[in-house]
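A short write-up of the structure that comes next.
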Amino acid sequence: MNSKYAQILIPLVVAATVIIDVLISIGYEVWVGYAFAVLLCLWIEWSSAPYIVAAVATVLLQVGFILSAPSSAPDLAVFNRLVGAALVWVTAGLVWRAKLAKLDDATRRLGAIVESSSDAILSVTPDGFVTTWNAGAEGIFGYTAGEMIGGSILTLIPPHREKDKKWLLSTVRGVQTIHTYDAVRLTKDGRSIDVSVTVSPLRDAAGQFVGVSEIVRDISEQKRAQTFLRQAHERLEIKVQERTVELSGANHSLRELSSRLMQVQEEERSRLARDLHDEIGQLLTALKIDLQEVQHGEVGQAHAGALTDSLALVDHLLTQVRTLALDLRPSLLDDLGLVPALRWYANRQAKRNGWTLSLSVEGMARRVPVPIEVACFRIAQEALTNVAKYARAKTIDLTLHRQEEDVTLVIQDDGVGFDVVSARQRAQEGQSIGLLGMEERVRLAGGILEISSTAGRGTTILLRFPLSDPDPAEPRRTAEVMST
Ligand SMILES: Nc1ncnc2c1ncn2[C@@H]1O[C@H](COP(=O)(O)OP(=O)(O)OP(=O)(O)O)[C@@H](O)[C@H]1O
Ligand SMILES: [Mg+2]
């Protein structure tokens, strides 16, 4: 039965008993009804309820005596009523003790819960003195109940936090509702720990404010994890920003590079058109004139002269076309490999520019993979073109060298040298493409490039390509520049 039904039933039982008592005059057994009403108080939380019902029943027993029909033996009737009232009071006493026993049991259980909690649970008077201190509080703060009970709660506030002390005292005096806040507390061994505190007001049976209860949870670990996460997040943010800046820089360089590439393509086309027009076009025109002469002239000696001229023109034409084609893509590279192609190209450049060329090749009997051959050739082509354009060099040393693990090409000139860092800078701004193209080719073929140059003492370009597959997990250095 719940307390609501009991509250309704008790007045009904009392009323029914008094009515039956008045109307039927059942005599001394009437106390059974009242005792039943008292028994129902077991389901009512209010502890003095059984005595109140017993008091009402005592009065009503007298009322029933007065209002019921007079008895033939009045003394016995009075005695019966007195015994009935006594029995009702005895029942009330038993019910009260049963309720107390129930309450003790509930209090014991609550005590056990408080004691076994890993949170600190304590109570404090409005003046800030500790009145209860559980095992959880001992575990968190290191003080035993004996040390803390009767002592000030301010012991738990770190010394430099004066404001917290004032605030805590005002809280224990005036807290009206349950609330939770985060704070820093001091342990017995002097550590400052982060805690979460839930305070609630404590009232006595009459509803008077007698202090506060506090449930304190150690959240140092949680705070540490939060701080770690926040720092990791900030580091990540910084990294993302750095990467974004790098990416936008790379994007910019890429745009510059692609516009420079288009420009170079245009220049190459116009060079081709010029060569076709000036060299091959001229020769074809001369050839046409010779052939027209043969067509319109008289058969004889003149024809033989024109035909000899034409044949010489055709020879010239063939040489021009071959040179043009070789410049575009030397077939030597595809057919015979890097060494003959490099030798042919270097010799031709040396002859054109008047250099003393020294070419040394080692361990290149077997051909290396095509992407490496093409990269070496194109980079040598660009490097030698640069030497011709800028270096004013006398001697060129070319070394091509293969070991078990890698192939190395070194191109060295004794020219004027240059500032590599600022030349790369200018290239990245889109002013040239040669150096960046070298780096790009080396990167694509999986190698490394080192350029070192000293003013007045020439330039050395070193390329190295691994012949075995590199470890993909290993970050690779692709280009290094040195300028002295
Ligand atoms: N061997 C060298 N000796 C002296 N200076 C050099 C040498 N190689 C390169 N340079 C300098 O480095 C700069 C950049 O070279 P890069 O090949 O990128 O440009 P470029 O040859 O001027 O133009 P592009 O190659 O795009 O047609 C050159 O302008 C030149 O000043
Ligand atoms: Mg160049």
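Counting starts at 1 for both ligands and their atoms, following the listed order.
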- Item | Q320 side chain reached by H316 side chain, heavy atoms, under 4.5 Å | yes
- Would you call the rings of Y143 and W133 parallel, tilted or perpendicular if under 30° counts as parallel and over 60° as perpendicular? perpendicular
- Task: Could you see which bit of A423 sits under 4.0 Å from ligand 1, with heavy atoms only: side chain, backbone, both or neither?
- Result: side chain
For residues 222-240, run the donor-acceptor check on the side chains, cut-off 3.5 Å, and write out each pair with its distance to 0.1 Å, sequence neighbours left out.
unit_1: R224; atom_1: NE; unit_2: E221; atom_2: OE2; d: 3.4
unit_1: R224; atom_1: NH2; unit_2: E221; atom_2: OE2; d: 2.8
unit_1: T227; atom_1: OG1; unit_2: K223; atom_2: O; d: 2.7

- Item | Taking atom 1 (N) of ligand 1 as the reference point, the nearest protein heavy atom with its distance | D413 OD2, 3.2 Å
- Task: Could you tell me the separation between the CD atom of Q381 and the CD atom of Q349, rounded to the nearest 0.5 Å?
- Result: 8.0 Å
- Could you please tell me which protein N, O or S atoms lie under 2.8 Å from the Mg ion (ligand 2)? E382 OE2, N386 OD1
- Query: In the protein, what heavy atom is nearest to atom 22 (O) of ligand 1, and what distance, to one decimal place, separates them?
  - Reply: Y390 OH, 2.3 Å
- Query: So which heavy atom in the protein is nearest atom 24 (P) of ligand 1, and how far is it from that ligand atom?
  - Reply: R260 NH2, 3.7 Å
- Counting heavy atoms only, which of S432, G415, S453 is nearest atom 23 (O) of ligand 1? S432
- protein heavy-atom neighbour closest to atom 11 (C) of ligand 1 works out as F418 CD1, 3.5 Å
- Message: Looking at D105 and R108, is any side-chain nitrogen of the basic one under 4.0 Å from a carboxylate oxygen of the acidic one?
- Response: yes
- Results of ring-ring contact (aromatic ring centres under 6.0 Å, His included) for F465 - residues two or more places apart only: none
- Mind checking whether Q431 has a heavy atom under 4.0 Å from ligand 1? no
- Message: Less than 4.0 angstrom from a charged side-chain N to a carboxylate O is my criterion; do E440 and R443 meet it?
- Response: yes
- Item | Closest non-hydrogen atom pair, D406 against P466 | CB-CA, 3.9 Å
- Look at E439 together with R424 and state whether they make a salt bridge at an N to O cut-off of under 4.0 Å. yes
- Task: State whether R217 and D119 are salt-bridged, where the test is any N-O pair (Lys NZ or Arg NE/NH1/NH2 against Asp/Glu carboxylate O) under 4.0 Å.
- Result: yes
- Query: Between V264 and ligand 1, which residue portion shows a heavy-atom distance shorter than 4.0 Å: side chain, backbone, both, or neither?
  - Reply: neither
- Message: Under the rule for ring-ring contact (aromatic ring centres under 6.0 Å, His included), what residues qualify as partners of F377, not counting sequence neighbours?
- Response: Y345
- Message: Can you name the atoms of ligand 1, numbered from 1 with element, that are less than 4.0 Å from a heavy atom of K389?
- Response: 20 (P), 21 (O), 23 (O), 27 (O)
- Please could you name the atoms of ligand 1 that V387 approaches to less than 4.0 Å, counting only its heavy atoms? 1 (N)
- Are any of the side-chain heavy atoms of W355 and D413 separated by less than 4.5 Å? no
- Query: Are any non-hydrogen side-chain atoms of L186 and L156 less than 4.5 angstrom apart?
  - Reply: no
- Note on the structure: shortest atom 31 (O) of ligand 1-to-protein heavy-atom contact is with R426 NH2, 4.0 Å
- Message: Counting C-beta onward and ignoring hydrogens, is there a side-chain heavy-atom pair between R343 and V339 closer than 4.5 Å?
- Response: yes
- Query: Counting heavy atoms only, which of N386, T460, L261, I451 comes nearest to atom 17 (O) of ligand 1?
  - Reply: N386
- Note on the structure: ligand 1 to G434, heavy atom cutoff 4.0 Å, flagged ligand atoms 16 (P), 17 (O), 18 (O), 24 (P), 25 (O), 26 (O)
- Message: Evaluate I433 for polar contact with ligand 1, using N/O atom pairs at a separation under 3.5 Å.
- Response: yes
- Note on the structure: Nearest non-hydrogen protein atom to atom 25 (O) of ligand 1, with distance, is E382 OE2, 2.9 Å
- Item | N/O separation below 3.5 Å, L436 to ligand 1 | no
- Message: Are any of the N/O atoms on A383, whether in the backbone or the side chain, positioned under 3.5 angstrom from an N/O atom of ligand 1?
- Response: no
- Task: Return the residue, atom name and 0.1 Å-rounded distance of the protein heavy atom closest to atom 3 (N) of ligand 1.
- Result: A391 CB, 3.6 Å
- Considering all heavy atoms, the nearest V124-T131 contact: N-OG1, 3.9 Å
